Amino acid sequence: MDWTKILWAVTLIAFIAVLVPQWLRWRRDAPEAEPGAWSSAMLPIGGVVLFVLLLILSVQG
Amino acid sequence: MRSVSAAELSVLETNKVLKNTYLLLSATLGFSALTAMFSMSLNIGGMMPLIMMIGAMVLGMFVLPKTANSSAGLGVIFLITGMLGFAIGPMLNMYLGLSNGSQVVLTALGGTAAIFVGLSAYAVNSKKDFSFMGGMLIGGMITVFVLMFANIFLQMPGFQLIISGAVIMLMSGFILMDTSRIVLGGETNYILATFGMYLSIFNIFIHLLAILGIMSED
């Protein structure tokens, strides 16, 4: 294994170590979703997924 | 002369943060493009891009929050975005080396811009609070980092497609959440707001590039 992969692996572990406390804090403090809030967030994200599929078709064509 | 109410002042302040964020975002993206072109012309390789990326993330996590309330924060954010731009130069050279490389890079660039503009317009106009997604988005990023760690050893293009698809969806969620926090007054520092938006755009671009590179005929 080359040094780039080792450095990348160490970096990923460091990112995870930094993010876990933030994740626990968000789980504790984040506001509750109102009724219908998830669907209003998933609608544009679903649109992004469809758009990416279109982009894939455009580079394959 | 009509007096300005507290609610109107709050809206004016929010609009100012949003305007300053988009102005700084445009400037930092332009600066990144310049440093990316510079590193492409130098044709750097080896561990330099990764070291630049790690350095930029360390600055973003530990130095930027301490300087964001002063003018030094502007220098730090330009340094971070310049380093990130410099880091992707070799990757852009690799994609441009494909037979349809310029099409792949331009499609990823245009696609990223369209995704960002569409999601921002949705968040600004809907005025909904998307901060309830914070825990899920950060949990998703941790999962993605674990998958990336596994893929260092597995080296599977199919696995890379799943990771890149997940990152694009998560970053889309971050754009919705970050924009809604500015619009609703939850984020008042435009330097920190710019850093969050920049990272989302940067990640969408490099992962869209990965997906299009794998899925194109090359």
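Bear in mind the structure is a predicted one, so any value in this text is a computation, not a measurement.
Of the atoms belonging to A:Leu24, not a single heavy atom falls under 4.5 Å from chain B. Contact annotation for A:Val20: both backbone and side-chain heavy atoms come within less than 4.5 Å of a heavy atom of chain B. Interface residue A:Thr11: only side-chain heavy atoms are found under 4.5 Å from chain B.
When the candidates A:Ser58, A:Ala14, A:Ala37 are compared by the number of heavy-atom contacts under 4.5 Å with chain B, A:Ala37 comes out ahead.
For the atom pair OG of B:Ser216 and CG of A:Leu55, the computed distance is 12.5 Å after rounding to the nearest 0.5 Å. With values rounded to the nearest 0.5 angstrom, B:Met53 atom CE is found 11.5 Å from A:Leu7 atom CG. The distance from the CH2 atom of A:Trp23 to the OG1 atom of B:Thr143 is 8.0 Å, given to the nearest 0.5 Å. Here the straight-line distance linking atom CG of B:Asn100 with atom CD of A:Gln60 works out to 10.0 Å at 0.5 Å rounding.
In terms of modelled atom types and a separation under 3.5 Å, the side chain of B:Tyr122 and the main chain of A:Leu43 share no donor-acceptor contact.
The environment of A:Glu34 atom CD is sparse: at most 12 non-hydrogen atoms of other residues, nucleotides or ligands sit within 6.0 angstrom.
In this structure, A:Phe15 and B:Phe145 have tilted ring planes: the angle between them lies in the 30° to 60° band.
Within the 4.5 Å cutoff, the side chain of B:Met141 has heavy atoms near those of the A:Leu19 side chain. Within the 4.5 Å cutoff, the side chain of B:Leu176 has heavy atoms near those of the A:Ile45 side chain.
When ring centroids are compared, B:Phe132 and A:Trp38 come within the 6.0 Å threshold.
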